[in-house]
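Here is the structure we will look at, set down as structure tokens.
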Amino acid sequence: MLPMKTLPFDRDFIEKLTETYPTPFYLYDERTLRRQARQFNAAFAWNPGFKEYFAVKANPNPALLKILQSENIGGDCSSLPELVLCERIGTAGENIMFTSNNTPAAEYRKAGELGAIINLDDITHIGFLAQCRGGSLPELLSFRWNPGELREVQSVIGNPVEAKYGLTTAQMDDAYETAKRKGVRRFGLHTMVASNMLQQDFFRCTAGTMFDLVTKIEYRTGIKIEFVNLGGGFGVAYRPDQTPLDLHRVGADIQEEYEKRGMQPLKIFTESGRLIAAESGTLITRVIHEKNIYKHYIGVDACMANLMRPGMYGAYHGITVLGKEHTPPAEPVDVVGSLCENCDKFAVDRALPPIAIGDLLAIHDAGAHGYAMGFQYNGKLRCAELLLQEDGSVRLIRRAETMDDYFATLNIGAGVPG
Ligand SMILES: *Cc1c(COP(=O)(O)O)cnc(C)c1O
């Protein structure tokens with residue numbers, strides 16, 4: 001058995017918390033979030049214009065966005081509400097990257113109003129964007145590149161040829177030339193071809209390829225590219241046997257490719273969601289049932305509606321039975337929620353310490369694409385989000401949904417039996 005990741009709290013602390021906030025709930029650790037933000041900034045400190053734009057979709061809680069903002073991290077948005085979230089916490093201008101696809105006009109208008117950096121997903125969007133803005137284009141424009149065939153990493157990330165995102169290599173020159181002709185003066189280049197990538201060399205490779213493309217585009221079109229945005233996809237070692245990315249080395253590898261080609265003063269941007277926020281978040285849930293049929297099931301009061309990664313992707317999340325951190329594992333169990341879907345399992349055949357009804361479980365690395373992917377299927381209500389602050393105090397940063405929230409969008413008029 002490999003050791004479980006340690007948590008910044010123990011059973012007594014959580015048990016006390018549940019007196020005020022019933023389970024299930026998310027608990028985020030401010031220190032861990034800041035540490036991750038600082039690691040990004042440190043790994044790329046060699047690049048004067050470096051900026052990480054946190055992918056808001058990974059965790060759209062304004063309290064967390066505000067913490068990241070104080071670490072000089074921007075917001076990467078792809079919808080109107082995400083743009084408004086940034087606006088409401090006071091992030092604006094080029095601290096927002098708008099990387100959307102299949103984008104409605106209203107979203108381009110809002111991004112323009114906020115002065116966000118707009119990253120176009122298709123060549124036809126140049127005209128569409130101009131139309132949304134009464135004919136003019138912004139001063140700065142970026143394009144998302146889809147590299148098409150990728151030999152080395154295809155098996156891990158899926159074939160970019162099958163991905164709906166971005167412009168083909170053949171369209172890139174034309175896109176920049178058209179934008180220039182229509183008055184754009186500053187340019188960026190974006191790509192995102194990885195998800196949860198733990199292969200160290202992948203990032204060096206991607207950056208190198210992008211630097212080469214920048215050089216070619218600049219030579220062929222006469223424009224100057226101001227930044228490359230490497231996208232997100234920086235992986236998290238969810239499993240105890242996985243090796244975490246060495247972000248510092250990723251930064252140093254990219255620096256080597258950058259200096260080798262003399263790319264100065266090109267700025268580097270990233271759009272990480274997962275690696276910034278995953279580890280800071282834990283889903284806390286209580287065991288409410290135990291069932292022995294063909295298999296041994298542990299039933300908890302959270303379900304896939306709170307965290308759907310295990311059910312949807314078969315994703316692994318570490319589980320700590322609070323108070324039993326040093327108890328050896330018993331026979332494997334399935335840890336399940338209450339959804340009427342058999343994929344509603346947080347763990348399958350997991351060797352955990354012997355579990356009793358009433359035990360508290362901490363589901364690790366749930367701070368990114370966790371709460372954010374929650375849903376109300378089966379009449380499940382979204383749970384609360386709490387923040388463990390640097391001074392040790394806990395703050396409610398989103399209350400749990402109530403039945404009233406569930407019914408709020410319905411028109412149940414008088415006369416409807418109920
Ligand atoms: C999802 C997404 C991200 C963030 O991905 P992570 O895996 O959370 O790092 C960044 N950019 C774009 C365009 C995305 O769609």
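Remember, predicted model here, so these are calculated numbers, not experimental data.
Side chain of Thr320 to backbone of Leu322: no donor-acceptor contact under 3.5 angstrom is found. Checking side-chain atoms of Thr206 against main-chain N and O of Phe202 turns up a donor-acceptor pair under 3.5 Å. Although no hydrogens or angles enter the test, the distance criterion places a donor-acceptor pair under 3.5 Å between the side chain of Thr285 and the main chain of Ala302. The backbone N or O of Pro24 sits nowhere less than 3.5 Å from a side-chain atom of Asn306 that would complete a donor-acceptor pair. The closest donor-acceptor contact from the side chain of Asn59 to the backbone of Asn61 lies under 3.5 Å. Side chain of Glu226 to backbone of Gly188: no donor-acceptor contact under 3.5 angstrom is found. Between the side chain of Asn41 and the backbone N or O of Arg38, no donor-acceptor pair lies under 3.5 Å. A side-chain donor-acceptor contact under 3.5 Å links Asn47 to the backbone of Leu266. Gln242 places a side-chain N or O within donor-acceptor distance of the main-chain N or O of Arg239, the cut-off being under 3.5 Å. Arg350 places no side-chain N or O within 3.5 Å of a backbone atom of Val333 that could act as its donor or acceptor partner.
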>> Could you go through Tyr108 and His125, starting from their C-alpha distance and side-chain angles, then the distance that decides it, and tell me whether this counts as side-chain hydrogen bond (donor to acceptor under 3.5 Å, both in side chains)?
In response: CA-CA 10 Å; Tyr108 275 144; His125 290 204; 2.9 Å; yes

>> Let's go through Arg309 and His369 carefully: what are the C-alpha distance in whole Å and the side-chain angles of both, what is the deciding distance for side-chain hydrogen bond (donor to acceptor under 3.5 Å, both in side chains) to 0.1 Å, and is it a yes or a no?
In response: CA-CA 8 Å; Arg309 299 189 67 258; His369 313 290; over 6 Å; no

> Should His296 and Glu331 be marked as a side-chain contact (heavy atoms from CB on, under 4.5 Å) after you check the CA-CA gap, both sets of side-chain angles, and the distance that decides it?
Replying inline: CA-CA 9 Å; His296 185 180; Glu331 288 305 301; 5.5 Å; no

>> Evaluate Val335 against Val348 for side-chain contact (heavy atoms from CB on, under 4.5 Å), listing each step before the verdict.
In response: CA-CA 7 Å; Val335 178; Val348 175; over 6 Å; no

>> Pair Lys51, Glu94 - check side-chain contact (heavy atoms from CB on, under 4.5 Å), show working.
In response: CA-CA 10 Å; Lys51 188 145 186 109; Glu94 292 181 13; over 6 Å; no

>> Test ring pair (Phe, Tyr, Trp, His ring centres under 6.0 Å) on Phe50 and Phe269; report intermediate values, then the result.
In response: CA-CA 6 Å; Phe50 173 76; Phe269 295 162; 7.8 Å; no

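Proximity of Phe375 to Met304: side-chain heavy atoms (C-beta onward) are separated by under 4.5 Å at one or more points. Taking the side chain as every heavy atom from C-beta outward, Leu396 and Tyr21 approach each other to under 4.5 Å. Within the 4.5 Å cutoff, no side-chain heavy atoms of Val56 are placed close to those of Asp76. Side-chain contact between Asn292 and Tyr297 is absent, with no heavy-atom pair separated by less than 4.5 Å. Residues Leu33 and Tyr28 are not in side-chain contact: their nearest non-hydrogen atoms beyond the backbone lie 4.5 Å or more apart. With contacts defined as side-chain heavy-atom distances shorter than 4.5 Å, the pair Leu83/Phe98 qualifies. Looking only at side-chain heavy atoms (C-beta outward), Phe203 and Asp253 stay at 4.5 Å or farther from each other. Between Thr168 and Trp145 the shortest side-chain heavy-atom distance does not fall below 4.5 Å.
Taking a cutoff of 4.0 Å between a charged side-chain nitrogen and a carboxylate oxygen, Asp365 and Lys5 qualify as a salt bridge. Of the charged side-chain nitrogens involved, none lies within less than 4.0 Å of a carboxylate oxygen, so that Glu107 and Lys110 do not count as a salt-bridged pair. Salt-bridge check for Glu325 with Arg11: failed, with every basic side-chain N at 4.0 Å or more from each acidic carboxylate O. For the pair Arg261 and Glu257, the salt-bridge criterion is met [side-chain N within less than 4.0 Å of a carboxylate O]. Arg34 and Glu390 are joined by a salt bridge, as a carboxylate oxygen and a charged side-chain nitrogen come within less than 4.0 angstrom of each other. Looking at Arg186 and Glu139, a side-chain N of the basic residue comes within less than 4.0 Å of a carboxylate O on the acidic one, giving a salt bridge. At a threshold of 4.0 Å, the pair Arg249-Glu256 does not count as salt-bridged, since none of the basic side-chain nitrogens sits closer than that to a carboxylate oxygen.
Heavy-atom contacts from other residues, nucleotides or ligands closer than 6.0 Å to CZ of Arg88 number 12 or fewer. The number of heavy-atom neighbours closer than 6.0 Å to CD of Gln264, taken from other residues, nucleotides and ligands shown, is above 12. Within 6.0 Å of the NZ atom in Lys295, the count of heavy atoms belonging to other residues, nucleotides or ligands exceeds 12.
Using a 30° and 60° split on the angle between ring planes, Phe44 and Trp46 fall in the tilted class, from 30° to 60°.
Remark: Arg382 fails to qualify as a cation-pi partner of Tyr26 under the 6.0 Å distance and 45° angle criteria applied to the six-membered ring. A cation-pi contact links Arg144 to Tyr165, judged by a cut-off of 6.0 Å to the six-membered ring centre and 45° from its axis.
Between the side chains of Ser79 and Lys57, no donor-acceptor pair is found at a separation under 3.5 Å.
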